[in-house]
Amino acid sequence: MRAIRVASAALLGLSALTLGAPAAVAYGGGEGEGEGGHGTGESTHLSLGVMPEEVAPGGHVTLTVRGCEETARVTSGVFDTVTVPKGQKSASATVDWDARPGATYTVNLRCGHETDQAELTVIERTQGGGHTNPHEMPPGNPEHGVRAGFGGSIGGFDLKEIGLGTALVTGSVGVAWYRARRRAAAGTAA
């Protein structure tokens, strides 16, 4: 009986960790983690992401700024200065056509008095004008997702469905508790 309790507690703890991990990653998970070429600057609140980290001359990169509540300025020797307006989190830049393949460039972020840096590597462009990097994005508006509708998950609240779900969960917990108590009483009476 004790082994079942220990296994149940271990499974419950593992489930909590598994379900909590995506939220920790989405929040940022700490300095130096996340998507793209995350910055390595001095600040722990301000961060710069460059996606993709490797791009051919003439390619587009998305610059993601986190932790900046005012207008940010991103500079590099491989593209023109980019301004990320207050309230926006990202902008795109086009790598200069005369960028040297194989070279790694520093990308600098300035937000008020804080700074951060990331690196961008220029790679060879393939013959025939094809993209060399599968992550290279065409120009557009990278800060808006696909317009795919609600998917039924947040279309509205149906009180009958919420009540039925609550009743099912409460009933299953009650039955499990009743059976556990009945087994414990039967085990001590015999």
Side-chain angles (χ1 to χ4, degrees), residues 14-151 153-154:
L14 182 63
S15 298
L17 286 175
T18 303
L19 295 174
V25 171
Y27 181 71
E31 187 177 351
E33 297 177 12
E35 71 179 54
H38 222 36
T40 58
E42 302 163 4
S43 174
T44 57
H45 301 289
L46 183 67
S47 67
L48 170 65
V50 178
M51 191 66 181
E53 295 176 0
E54 296 178 343
V55 67
H60 300 279
V61 293
T62 301
L63 307 167
T64 305
V65 177
R66 292 188 181 103
C68 182
E69 300 301 325
E70 50 192 90
T71 300
R73 186 174 160 166
V74 183
T75 59
S76 179
V78 73
F79 55 78
D80 294 333
T81 299
V82 176
T83 301
V84 181
K86 180 178 182 176
Q88 289 189 4
K89 301 293 182 199
S90 65
S92 63
T94 303
V95 175
D96 294 338
W97 284 98
D98 60 350
R100 288 188 346 243
T104 300
Y105 293 87
T106 301
V107 181
N108 298 303
L109 166 67
R110 176 170 290 283
C111 176
H113 298 294
E114 294 183 274
T115 61
D116 196 24
Q117 294 181 340
E119 291 184 345
L120 176 64
T121 303
V122 178
I123 58 175
E124 289 281 338
R125 179 169 287 283
T126 61
Q127 296 296 331
H131 296 294
T132 58
N133 190 334
H135 298 291
E136 189 171 317
M137 296 173 45
N141 196 350
E143 59 195 60
H144 296 289
V146 175
R147 292 186 178 135
F150 290 117
S153 63
I154 56 173

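For the numbers below, each heavy atom of this structure counts, side chains included, while hydrogens, waters and symmetry mates do not.
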Quick check: closest heavy atoms across [X] and [Y], and the distance to 0.1 Å?
{"X": "Gly77", "Y": "Asp96", "answer": "O-OD2, 4.0 Å"}
{"X": "Tyr105", "Y": "Ser76", "answer": "CB-OG, 4.0 Å"}
{"X": "Lys86", "Y": "Glu69", "answer": "CE-O, 3.3 Å"}
{"X": "Gly58", "Y": "Thr94", "answer": "O-CG2, 3.7 Å"}
{"X": "Ala72", "Y": "Val65", "answer": "CB-CG1, 4.3 Å"}
{"X": "Glu54", "Y": "Leu120", "answer": "N-CD1, 4.5 Å"}

Can you check side-chain contact (heavy atoms from CB on, under 4.5 Å) on Ile123 and Val55, steps first, answer last?
CA-CA 6 Å; Ile123 58 175; Val55 67; 5.7 Å; no
Please report the C-alpha distance between Val74 and Thr81 in whole Å, then the side-chain angles of each, then the deciding distance to 0.1 Å, and finally whether the side-chain contact (heavy atoms from CB on, under 4.5 Å) criterion is met.
CA-CA 6 Å; Val74 183; Thr81 299; over 6 Å; no
Is it the case that Ser92 and His60 place a side-chain donor and acceptor less than 3.5 Å from each other?
no
Please evaluate residues Thr71 and Val84 with respect to the criterion side-chain contact (heavy atoms from CB on, under 4.5 Å), reporting the C-alpha separation (whole Å), side-chain torsions for both, the decisive distance (0.1 Å), and the verdict.
CA-CA 6 Å; Thr71 300; Val84 181; over 6 Å; no
Listed by chain and number, what are the side chain to side chain contact (heavy atoms under 4.5 Å, CB included) partners of Thr106, not counting sequence neighbours?
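Testing Thr106 for side chain to side chain contact (heavy atoms under 4.5 Å, CB included), a comparison that skips the adjacent residues, returns Asn108, Gln117.
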For Thr121, side-chain hydrogen bond (donor to acceptor under 3.5 Å, both in side chains) partners two or more places apart:
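Listed in chain order: Thr104.
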Can you name the residues that form a side-chain hydrogen bond (donor to acceptor under 3.5 Å, both in side chains) with Thr83, not counting sequence neighbours?
none
Provide the full list of disulfide bond (SG atoms under 2.5 Å apart) pairs with a residue in residues 50-103, sequence neighbours left out, each pair given once.
Cys68-Cys111
Measuring from atom OG1 of Thr75 to atom CG of Leu109, what distance do you get when rounded to the nearest 0.5 angstrom?
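With rounding to 0.5 Å, OG1 (Thr75) is 8.5 Å from CG (Leu109).
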Are the side chain of Asp116 and the backbone N or O of Leu48 linked by a donor-acceptor pair below 3.5 Å?
yes
